[in-house]
Amino acid sequence: MRMFKSAFCFASLVLSFSPLALSSLLAQSAPLAQTPPMGWNAWNHFKRTITDADVRAAADAMVASGMRDAGYTYVNIDDTWEGDRDAQGNIQSNSKFPDMKALADYVHSKGLKLGIYSSPGPTTCAKFEGSYNHEQQDADTYAKWGVDYLKYDLCGLRPIMKDQSHGDPQVASNIMKQAYEKMHQALLNTHRPIVYSLCQYGWDSPWTWAPLVGGNLWRTTGDIRDDYEHMSLIGFSQAGLAKFASPGHWNDPDMLEIGNGGMTPDEYQTHMSLWAILAAPLLAGNDLSKMDDVTKSILTNKDVIAVDQDRLGMQGDRVTAVGPCEVWMRPLDAGAKAVALFNRGPLDTPITVQLKDVGLDGPVHAVDLWSHKDLGLVQGSYTATVPRHGVVMLRLAR
Ligand code: GLA
């Protein structure tokens with residue numbers, strides 16, 4: 001009953017925010033994630049096997065590969081690090097992570113930041129200990145360890161939402177939002193800047209409320225998989241979400257699969273290009289210590305990263321779709337545009353972009369961001385043959 005009451009209070013609180021209150025609430029998290037977070041997360045490759053040694057190796061490789069210098073910063077531990085609570089209820093890491101503070105110190109010594117994972121429920125998705133009823137205690141522990149990023153994953157709260165909402169989705173949603181807000185307050189109380197990543201698979205349009213509960217980024221979809229069908233379904237379904245992103249607040253179509261082996265180089269270039277057009281977080285999900293040169297060159301393409309990290313922070317969107325051929329555009333700083341010609345079909349195909357369709361007229365200077373060729377001045381339209389499942393990505397500027 002108490003939960004019910006506070007859930008409704010939360011709903012009316014959200015509805016009654018004045019523009020002033022809203023802007024001061026948003027301002028609290030404004031200094032964090034001014035561009036989409038970049039880094040690495042253990043889950044896509046290591047799943048439950050991740051250990052302290054793997055995380056250190058990832059940090060080492062992030063430096064040695066040039067990824068850190070290209071902008072990758074966060075080294076994020078995902079699920080399965082959690083141990084039991086001690087007699088005072090403090091969360092402890094399990095035997096795979098003998099000393100979390102020492103790990104954070106190590107990651108920081110490389111000029112990188114450490115991320116961690118928990119759930120608003122009693123357990124996580126992998127059935128490890130969650131933060132339910134221990135929110136402040138856990139936030140304090142993360143701050144003490146030196147954590148810089150928290151991914152907060154809904155899973156374990158769902159049975160509670162189901163029990164307490166009696167089938168009313170609005171009540172269930174309010175319970176969820178209240179749980180996210182609770183951890184947001186706990187993180188603020190630590191006075192440590194901790195990027196707050198909401199993971200609830202896009203249920204109930206998080207782009208409309210996640211910033212109100214302190215989210216710097218929020219998952220918009222279910223889990224990605226390392227195959228073209230799945231990655232492209234997730235990526236291309238992001239059309240229409242651009243207006244919800246801004247510095248400090250990002251749509252998150254999930255972590256990268258580049259280098260995990262399930263896609264061709266052209267398909268991984270599509271993955272990287274689409275995520276950059278979408279102003280998506282770039283969290284590599286491969287084993288960085290065993291990266292081949294193709295993977296490294298895709299992940300460290302500075303021109304494509306510059307699109308992702310553009311300081312305007314405007315997410316791009318679909319401009320045209322004709323059969324499997326799609327043109328997407330992202331507005332960039334100083335009037336420039338990133339334009340991606342995607343071929344979702346099974347055969348190499350010429351694709352044309354009309355400059356007027358991407359808001360340009362007159363001659364523009366074009367650079368191909370994957371071949372790094374200067375294409376000189378382009379007028380009216382530009383056509384390129386795009387490989388199957390591949391992309392041609394351009395930067396256009398006056
Ligand atoms: C969920 C999340 C994944 C990962 C796993 C860990 O499925 O969406 O990204 O964190 O949980 O259990």
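Index from 1, following the sequence. Every number for a ligand or one of its atoms is a count from 1 in the order of the listing.
A pairwise comparison of heavy atoms in Phe236 and Tyr228 identifies CE1-OH, 4.3 Å as the closest pair.
For ligand 1, the protein residues placed under 4.0 Å by at least one non-hydrogen atom are Trp43, Asp78, Asp79, Tyr117, Cys125, Ala126, Lys151, Asp153, Cys199, Tyr201, Arg219, Asp223, Met255.
For Asn301, the side-chain contact (heavy atoms from CB on, under 4.5 Å) test picks out Asp303, Val304, Trp370, His372, with sequence neighbours left out. Under the rule for a ring-ring contact (aromatic ring centres under 6.0 Å, His included), the partners of Trp275 that lie at least two apart in sequence or sit in another chain are His271. Residues meeting the disulfide (SG to SG under 2.5 Å) test with Cys125, sequence neighbours left out: Cys155.
Between Tyr180 and Tyr152, the ring planes are perpendicular. Angles over 60° get that label, and only those under 30° would be called parallel.
Checking Gln137, His134, Lys144 one by one against Asn90, the side chain to side chain contact (heavy atoms under 4.5 Å, CB included) holds for a single residue, Gln137.
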